[in-house]
Amino acid sequence: MDNLNYYRSICPSELAQLPVVNLYKELISGKRKALPSGTWEKDENVIIIVRYALEVNLGLKKEQIPKINRAVIREQKLWGALNRFKSVRKLIQFVYPGRYNEFDFSRVPINYWNNIQNIRNRLEWHLRREGIRIAEIPRKVNYDLLVEWGFSNPLKQHGHSPYRFMNALYPGRFKETDFKKIPQGYATNREFLKEQFMDMLRQEKIRFEDVPKKVTRQMLMKHRFSAALKHYRNSPLEFIQYLFPNQFSLDDFRTKPNGYWKDIDNVKREIMDLINREKVAEQDVPRFMTKQRLVEEGLTGLLHEYHGSPIEIIEAVFPGKYDVTEFQRVPNQHWHSPQNRAQALRTFCAKRGIGREELPRLNRAYFRKHFPRFISMVDRHYDSKFYRWIMESYPEYTFSPEEFRLLVGVDGQLCDSKEELEIHNFLIRAVVDGKVEREGCRFVNHEYDEVYIPDWVIEQNDRKWIVEYFGLYGSTRYKWYTEKADRKMQFYHSLADYTLIAIMPGDFRENGFRRIATLLISNGIQLHVHSSYCH
């Protein structure tokens, strides 16, 4: 045991000098396929390798270590250790005995939630940490916070109701109406809702006859009627008429005439009134103007007019003042529009003073440092090619391939790397009486919401082939590359009008054009016979 504690206590730099770590490094780098037989049976090896993987290779902090999951195990090739201990929890507790308690892990032990005392202990541990007294639970502990604290499982056992959950822990301590969210079933109970509604009027000092003019969606949400409103299309008018049938006419409510939101002056007036009323600072407008906020203010008609997009509304009221990066999120399908993608880049660059000469330098490394949210959009819609996004967004400029460090084939088509250039020039010279087009078409994989742009499409004798060079397949340079490549291949194979020819790194780097020629010919493409293919 003393020997094991030695390996548990030595500093990470000393770990890296141990012989078994060298074997593990070879495994991670791909130089070996597996560790020697029996490696994981030795306790000291488990401690050394797991500590090296988590503390050195991943650089995890103490509090991050118990949060690892099976994806990390797979990535760090620690399956042998996991197979021995059967669970991530047991593995971590073996390597770091006594360091972590049950609250530090993402998952609790099996049958943990079957013990009510376990649940109460864990809840009260969170309460102490947050400085919340048990009597304050209804006001300060809501459903979302309980989920954040890891109580999804027991909440599910109590119908996702915080009240029922707390009543099981502390029987008779609280009433249903003590909680911010009303219990299930109360949202459709007219008598209960009327009682709550009248209580709201008393608190807000609103006369009953003024209800149509003074009760807003925001007020109803404030007084916990959000669940009830959902049953009436989030319409205060429909909700109030349900509670008090025949008491108010449509003319009593603040409804907007047809075409009201088509007048930009009306839009500007309503938005400015809201901003001034809430005293929103100029720089905070994008974060303040959310869809939920507009719904609460009874401006659903305005949202409908602008496709449910707060971004479009703000752009209409303050043209060019804010860019999409300043908003909390973009609406669904927002990036599907080329105009939206172009406007996002143009506004981003204008605000930062990025001119024509600097545009070609905006690559993955730049956005990873300055605005990572753009990267997934370019991966999805431009197949990770930032120069395509830039050229599409600035049609008034003429860029040369050299500015983006692109390479030009013998026929004038552009290539992204020297390897692609060599393959492209080979295809141009080798394919008999066929058309070889680079990145000339787009396919949408709706299952994964991804756009694919094939490296080459070859047409010959009324047949079509997709030729794709997966130059980073199996590489650790981009973790997502191999998974996306697999999805691409599966998708391309499903296309009835095309035959896929996949060129892997070894096909070219180890065998030159000989292997590529064999792939093309075996799939039915006619080539000029030339001895250089075999060299």
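Computation of the quantities below employed the complete heavy-atom set of this structure, encompassing side-chain atoms and omitting hydrogens, waters and symmetry-equivalent molecules.
Within 6.0 Å of NZ in Lys291 there are 12 or fewer heavy atoms belonging to other residues, nucleotides or ligands. For Lys435, the NZ atom counts as loosely surrounded, since its 6.0 Å shell holds 12 or fewer non-hydrogen atoms of other residues, nucleotides or ligands. Other residues, nucleotides and ligands place more than 12 heavy atoms under 6.0 Å from the CZ atom of Arg269. For Asn69, the CG atom counts as densely surrounded, since its 6.0 Å shell holds more than 12 non-hydrogen atoms of other residues, nucleotides or ligands. Within 6.0 Å of NZ on Lys351 lie more than 12 heavy atoms contributed by other residues, nucleotides or ligands. For Gln490, the CD atom sits in a loose shell: 12 or fewer heavy atoms of surrounding residues, nucleotides or ligands are nearer than 6.0 Å.
Rounding to the nearest 0.5 Å places CD1 of Ile354 at 8.0 Å from CG of Leu345. Rounding to the nearest 0.5 angstrom, the gap separating the CD1 atom in Ile423 from the OG atom in Ser417 is 7.5 Å. Atom CD of Gln76 sits about 9.0 Å away from atom CD1 of Ile68, to the nearest 0.5 Å. The distance from the CG atom of Leu427 to the CD1 atom of Ile458 is 5.0 Å, given to the nearest 0.5 Å. The distance from the CH2 atom of Trp480 to the OG atom of Ser384 is 3.5 Å, given to the nearest 0.5 Å. Within the model, atoms CG of Asn57 and CD1 of Ile49 stand 12.0 Å from one another, a figure rounded to the nearest 0.5 Å.
In terms of heavy atoms, Leu35 sits closest to Thr39 at CB-OG1, 3.8 Å. In plain terms, the two heavy atoms of Gln460 and Gln526 that are nearest each other are OE1-N, 2.8 Å. For the residue pair Arg346 and Pro395, the shortest heavy atom distance occurs at NH1-CD, 4.3 Å. Across every non-hydrogen atom of Phe426 and Leu520, the tightest pair is CE2-CD1, 3.9 Å. Closest approach of Ala502 and Leu519 over heavy atoms only: O-CD1, 3.9 Å. Closest approach of Ser309 to Leu303, counting heavy atoms only: N-CD2, 4.1 Å.
In summary, the side chains of Asp486 and Tyr473 do present a donor paired with an acceptor at a separation below 3.5 Å, with no hydrogens or angles considered. Side-chain contact, Glu468 with Tyr452: no donor N or O sits under 3.5 Å from an acceptor N or O.
Panel note: side chain Gln413, backbone Val436; a donor-acceptor pair is recorded below 3.5 Å. Between the side chain of Glu403 and the backbone N or O of Pro360 there is no donor-acceptor pair closer than 3.5 Å. Put simply, the side chain of Asn276 gets close to the backbone of Met272: a donor and an acceptor are under 3.5 Å apart. No side-chain donor-acceptor contact under 3.5 Å links Gln64 to the backbone of Leu60. Checked by atom type and distance alone, the side chain of Asp507 never pairs as donor or acceptor with a backbone atom of Arg515 at under 3.5 Å. Judged by distance alone, with hydrogens and angles left aside, the side-chain atoms of Glu26 form no donor-acceptor pair with the main-chain N or O of Leu23 at under 3.5 Å. Without hydrogens or angle criteria, Arg51 side chain to Tyr7 main chain gives a donor-acceptor distance under 3.5 Å. A donor-acceptor pair under 3.5 Å is absent between the side-chain atoms of Arg341 and the main chain of Ser393, judged by distance alone.
By the 4.5 Å heavy-atom criterion applied to side chains, Ile516 and Glu422 are not counted as neighbours. The shortest distance between side-chain heavy atoms of Val267 and Tyr306 falls below 4.5 Å. No side-chain heavy atom of Asn363 sits under 4.5 Å from any side-chain heavy atom of Phe404. You'll find the side chain of Ile48 stays beyond 4.5 Å of the side chain of Ile10, heavy atoms only. The shortest side-chain heavy-atom distance between Tyr492 and Phe443 falls under the 4.5 Å cut-off. For the pair Val88 and Val72, the minimum side-chain heavy-atom distance is 4.5 Å or more.
Ring-plane geometry between His424 and Trp456 is classed as parallel, the angle between the planes falling under 30 degrees on a 0 to 90 degree scale with a further cut at 60. Using bins of under 30°, 30° to 60° and over 60° for the plane-to-plane angle, the ring pair Tyr100/Tyr96 lands in the perpendicular bin. In this pair, Phe367 and Trp389 present their aromatic rings tilted. The plane angle is within the 30 to 60° band.
Between Lys464 and Glu437 there is no salt bridge, since no side-chain N of the basic residue sits under 4.0 Å from a carboxylate O of the acidic one. Comment: Asp379 engages Arg364 in a salt bridge, judged by a side-chain N to carboxylate O separation of less than 4.0 angstrom. For Asp265 and Lys268, the salt-bridge test fails: no basic side-chain N is under 4.0 Å from an acidic carboxylate O. Remark: Asp455 does not engage Lys488 in a salt bridge, criterion side-chain N to carboxylate O under 4.0 Å. Ion pairing between a basic and an acidic side chain is recognised when a charged N comes within 4.0 Å of a carboxylate O; Glu483 and Arg74 show no such pairing.
Judged by the 6.0 Å and 45° rule, Arg8 forms a cation-pi pair with Phe94. In this structure, Arg352 is positioned above the aromatic face of Phe348, its NZ or CZ under 6.0 Å from the six-membered ring centre and within 45° of the axis. Because its NZ or CZ atom is not both nearer than 6.0 Å to the ring centre of Tyr382 and within 45° of the ring axis, Arg388 does not count as a cation-pi partner of that residue.
Glu459 is linked by a salt bridge (Lys or Arg N to Asp or Glu O under 4.0 Å) to nothing, counting only residues two or more places apart in sequence or in another chain.
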Check against side-chain hydrogen bond (donor to acceptor under 3.5 Å, both in side chains), Gln339 and Ser337: CA-CA 5 Å; Gln339 291 78 16; Ser337 163; 3.0 Å; yes

Salt bridge (charged side-chain N to carboxylate O under 4.0 Å, His left out) assessment of Glu450 paired with Arg487: CA-CA 10 Å; Glu450 293 178 335; Arg487 293 196 297 271; 2.5 Å; yes

